J.: 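Sharing a structure with you now.
Just so you know, these numbers come straight off a predicted model, no measurement behind them. Read the numbers this way: they start at 1 and go in the same order the structure lists the ligands and their atoms.
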Amino acid sequence: MGDIADEIMEKLKGGVGSVFHCPIEIKTGFSDLTQAYDPERKQYYSSKLLASLKKLERDERVVGIADVDLYVPRLNFVFGEADVISGTAIISLCRLREEYYGLAPDEALFLERATKEIVHELGHTFGLRHCPNNKCVMHFSNSLADTDLKEAHFCDKCRPKIIL
Ligand SMILES: [Zn+2]
Ligand SMILES: [Zn+2]
């Protein structure tokens with residue numbers, strides 16, 4: 001959604017593919033983010049963007065990748081959001097970069113975080129809830145420290161619960 005370098009998308013495709021082992025297609029052309037912009041918050045309303053994503057097939061899932069800061073009412077920001085019913089999800093890359101916090105860029109870390117966020121939101125679209133295991137990708141990330149602590153894959157309790 002919006003402008004994201006092909007190189008980043010290809011690397012994320014690789015990361016997510018290594019967890020799900022399924023065909024992944026990168027689609028572009030969803031560029032109108034302005035409809036979801038809140039000028040007072042200077043952020044984009046996550047649920048509004050999410051609602052504009054459509055999946056085509058029953059077994060398909062769609063994840064919107066946005067490089068803008070996302071929010072939902074009552075929260076300062078969200079890393080991502082999923083709609084279990086429609087099988088769609090959205091994540092923001094914005095707060096996953098070290099630069100956002102005034103630190104030196106670390107592309108590997110950034111890609112790892114983004115992969116975890118995508119896998120996490122996809123997990124919700126497959127019927128999974130948050131997991132108490134802090135190493136599991138379905139563990140809730142309150143902060144990036146939580147994201148960095150967990151791994152990109154599902155724990156032994158979550159994986160069998162995936163509903164296609
Ligand atoms: Zn979650
Ligand atoms: Zn788990």
J.: Angle at the Zn ion (ligand 2): provide the value between SG of C158 and SG of C131, rounding to 10 degrees.
T.: 110°
J.: In this structure, which one of F77, Y45, Y37 forms a ring pair (Phe, Tyr, Trp, His ring centres under 6.0 Å) with Y71?
T.: Y45
J.: Using the six-membered ring of F79, assess whether NZ or CZ of R95 lies under 6.0 Å from its centre and within 45 degrees of the ring axis.
T.: no
J.: Determine how many protein N/O/S atoms sit closer than 2.8 Å to the Zn ion (ligand 1), leaving waters out since they are not shown.
T.: 3
J.: Quick check: do E81 and V72 have side-chain heavy atoms less than 4.5 Å from each other?
T.: yes
J.: With I91, which of E121, H120, R113 fulfils side chain to side chain contact (heavy atoms under 4.5 Å, CB included)?
T.: E121
J.: What is the minimum heavy-atom distance between F154 and V19, and which atoms define it?
T.: CE1-CG1, 4.0 Å
J.: What I'd like to find out is whether the side chain of D69 reaches to under 4.5 Å of the side chain of Y44, using heavy atoms alone.
T.: no
J.: Thinking salt bridges, do D156 and K161 make one under a 4.0 Å N-O criterion?
T.: no
J.: Strictly under 2.8 Å, is the Zn ion (ligand 2) approached by any N, O or S atom of C155?
T.: yes
